[in-house]
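Letters go in sequence order (proteins before strands), and every chain restarts at 1.
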2 protein chains.
Amino acid sequence: MGDNDESEIIEHHDDEEMEKMRTPRNHSQSFLESVASSKDGYSSTQSSHRLLAYSDALISIIATVMILPVAHTKFQDNEELKQSLQALLTTKIAVYLMTFLIVTVAWAAHIRLFQVIERIDDTLALLNLACMMLITFLPYTFSLMATFPNNTLGILLFCACVMVIGLIQALIVLYGFSHPFLLNDQIQMSENQAYYKRRILEIIMRVPIMCLFASVFSVILIQVSYIVLAIVIFLPYISQCLKWIGSKAIGGQVEDSPDSVPFYTYHPSEPLSKERVEAFSDGVYAIVATLLILDICEDNVPDPSVVKKEFDNSLVAALQENGPEYLAYFGSFATVGLLWFVHHSLFLHVTKATRLMGLFNTFSLAFVGGLPLAYQLTHEFPRGSHNELEAVQISCVIIFFAGLFQLAMWVTALFTERETLHPYVRYGGREHAFMLAKLSLYPCVALGTFVFTCVLSRFSTSIFHMMEIGVPFAFLVLRLLVRVALVLLRWLFCPARNDLDSVPVEEGDSHLPINDIVT
Amino acid sequence: MGDNDESEIIEHHDDEEMEKMRTPRNHSQSFLESVASSKDGYSSTQSSHRLLAYSDALISIIATVMILPVAHTKFQDNEELKQSLQALLTTKIAVYLMTFLIVTVAWAAHIRLFQVIERIDDTLALLNLACMMLITFLPYTFSLMATFPNNTLGILLFCACVMVIGLIQALIVLYGFSHPFLLNDQIQMSENQAYYKRRILEIIMRVPIMCLFASVFSVILIQVSYIVLAIVIFLPYISQCLKWIGSKAIGGQVEDSPDSVPFYTYHPSEPLSKERVEAFSDGVYAIVATLLILDICEDNVPDPSVVKKEFDNSLVAALQENGPEYLAYFGSFATVGLLWFVHHSLFLHVTKATRLMGLFNTFSLAFVGGLPLAYQLTHEFPRGSHNELEAVQISCVIIFFAGLFQLAMWVTALFTERETLHPYVRYGGREHAFMLAKLSLYPCVALGTFVFTCVLSRFSTSIFHMMEIGVPFAFLVLRLLVRVALVLLRWLFCPARNDLDSVPVEEGDSHLPINDIVT
């Protein structure tokens, strides 16, 4: 869906104008009558663009919310980082990752719903807000569930939320089908609307019904209800996976029946609104980039009385106490900002986002969420300690995976490049090498830093700081570097091969395939 | 500026394609050569849409960040709310409001800059990220300044940030003018680019130079530097105001010279990118709506050991402790969501945003930022206490002003309705009455609740709760209510007057003017 909301409204108004012209009505009719005579609700039809942007902003904030309890865990320095991390890993980080996943599942359901319903009116906007209110409450119920796994209250609350969300979504679908001008054009034109309606409702209601079972089971045997919940969330993915493996094993192509719904297929190449993937990612990157400054603004303005007493009225001395925090802030902002920059460059060249790309995007974002925490740790311990080394290495691992999943998105897009990529960045295109360099810069640098810190563990912080300072400049001169590398490659491998039909580029053979198209 | 980034890129690619066709080049030329021969940087030109969306998200988070220290101030219940509020009002709330204002000033400067530079490339994207990093640091330097007004460090840091931001913006302008295809089409076509460049640079550099003076003065006499800073921030507004008053007093129309820059005029009707006003508002509404759930997720998951010890293993009893917090969350989410809904409805009908509308929008958003705090207070005190009454009344006042400034935006738009509004919502248009009802619902309800709580102070909470529950339903049936009201009005005032050329609607005479056009 293009975001030409402006023109859509005008178009819509034009339609109404046309309608007026056609019907032999008195043009000087009263305002009241014209309101009353217009088709009920039709006069207030709106493009859904901004509603979805607002929903994306809300969901992205909520997805990253469970990183806060992780970030605010205080580490004792005399204790080994490993032990405290182990305690963290088992609970809070797991809760964060699971919440992120669950919220993105809800977000994906929301995308699917509003790919069917393309225009909204006031009633739908209000229903959507009610739905959002419950989605923002999901992380809390989930963390209750995680903290008290043997208590039925958490699971009951979670199920209740999911059920009400499902019911509201069903209501939205029913309302949409009773006002067909709100629907996707494809469905609006179709003759078997009733079939679509039944099928979509079936899929939407599957989740609340399963949750009803889970909540009933929770009273009898709580383990069963957890299994039911896990099945609810991952069923579409598992079934798709099995179907795909099956089709590969047998060799036959399993085609969907032609009259099946174009949405709600859960197929890996099902289109996902590119605009919404971008909006959601922007939200997550923005929140994560500012997580540390939120803390700094709240906690690190020293108290005047403390400055007077402890620091002899020297504000500079008082602020130096928090020195590492500022460094951590600038470091994490720069890294998150640059990862956003890479994401932005990638999506400039993507013409259509698919479900699989969305999944990789989610994984990448989940890692990005942990970055500020890792950066904060790198500056919190005394220099040269074992803890510091581990913190630096964890940061490297997080950056590596965040970058790697971005690269995975591109590789996925390359597999279906005709539909998903701009010609200029397709395999062998003009921007291909540059895009690859952009995407692989962070994983390579992170890997390099990790290896260096293993070898030269005494200088781990210095290496890390140099990486932080160097990478932004590397991005600035990247175009130049790529050109130099290509010239070097051409010079090395001279005009020899000329086979253009090799497989898409994988991460390992970074610059080689480019050489193929160099005459 | 329409947000057709997709088509812009395609268009751009098409241009390149055309260029290739025209120049008699070998099409099978090497990838390397084509990169090298293309105009430097031109091949990577991008639409700035997403960069601006990300910047808006970052700035909206940062604008609301100083509400957190306010929100986390703990009130002692035995103390009078009035006293603790007075302490709060003098410092934290003032800091919040001033930060909000300063950040929105930086945001407005950012809008102006990117109305001149409409396309970006990688270098500009990276420069913009650096600029953003410094903008997000502004609230902290400002709160240092507010906490230690007599220390030069705060003011020096603030000035340093502003100066570097100014320098980066100047760099962006210089880069833009040296790559003219990045510029606004109007400037790109114009013959006196050099004049535009000089003029824009002059305006941008004014702020850093003044800040340099302020920082020099801060060493000598700190009061002078505060005055200089205040002048820096408000000078454009004051000079515009004086000019306007002057022109009204003399009667002569002060026209700008025809060759003046179309941007950077600081005129109240200067266009402000509607898209960016929406994105910024969405960000603020989203953050504010989730402020309370952030707190709840972080602090209100009870510790298993505490539940075991204090609540006899009853999770329900432990959660009941936090009952008021949940109520406050749902209440504030609903109110913020509905205020967003009104804003969204308004901007659907706005075709062009002006600076004055932007200013009212900022005021409205600043009040919205305080809402979660007020709601939290209403539920924190024992029922029927004097504190509770005051908290309820403060909430009403905040809602009233947030709604009132939204209404002010519409009234401002009505004054220049031919340029700023859709025909359907203009004075006397089909949606006019409905829009007015939507915009005036919250101010009216808040005023009503305030008056009721003054009269029936014993039932203040019940009245407030009923308001919370009733308003969403009022929005649902608003269209019906407006129709009934109009029918009643028609019935009361019957076909009598027929003068269509009266002044635009003000708040007081809510439904009367509609009657004018009822035949």
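- Among all heavy-atom pairs drawn from B:L129 and A:F341, the shortest one is CD1-CB, 4.1 Å.
- Under the 4.5 Å side-chain criterion, counting only non-hydrogen atoms from C-beta, B:F333 is in contact with A:L58.
- Of the atoms belonging to A:A334, heavy atoms from both backbone and side chain fall under 4.5 Å from chain B.
- Less than 6.0 angstrom separates the ring centroid of A:Y326 from the ring centroid of B:Y140.
- In this structure the side chain of A:E275 never reaches within 4.5 angstrom of the side chain of B:R50, judged on heavy atoms.
- In this structure, chain B has a heavy atom under 4.5 Å from the side chain of A:A289, while its backbone stays farther away.
- With rounding to the nearest 0.5 Å, the separation of NE2 in A:H344 from NE2 in B:H49 is 9.5 Å.
- When side chains are defined from C-beta on, A:I287 counts as touching B:I287, because their heavy atoms get closer than 4.5 Å.
- Closest approach of A:L126 and B:P472 over heavy atoms only: CD1-O, 4.5 Å.
- The closest side-chain heavy-atom distance from A:I61 to B:I293 is not below 4.5 Å.
- Shortest non-hydrogen contact noted between B:M133 and A:F330 is SD-CD2, 3.2 Å.
- Nearest heavy-atom pair across A:A53 and B:D282 is CB-OD2, 4.1 Å.
- Residues A:F434 and B:D122 form a side-chain contact, since some pair of their non-hydrogen atoms from C-beta on lies under 4.5 Å apart.
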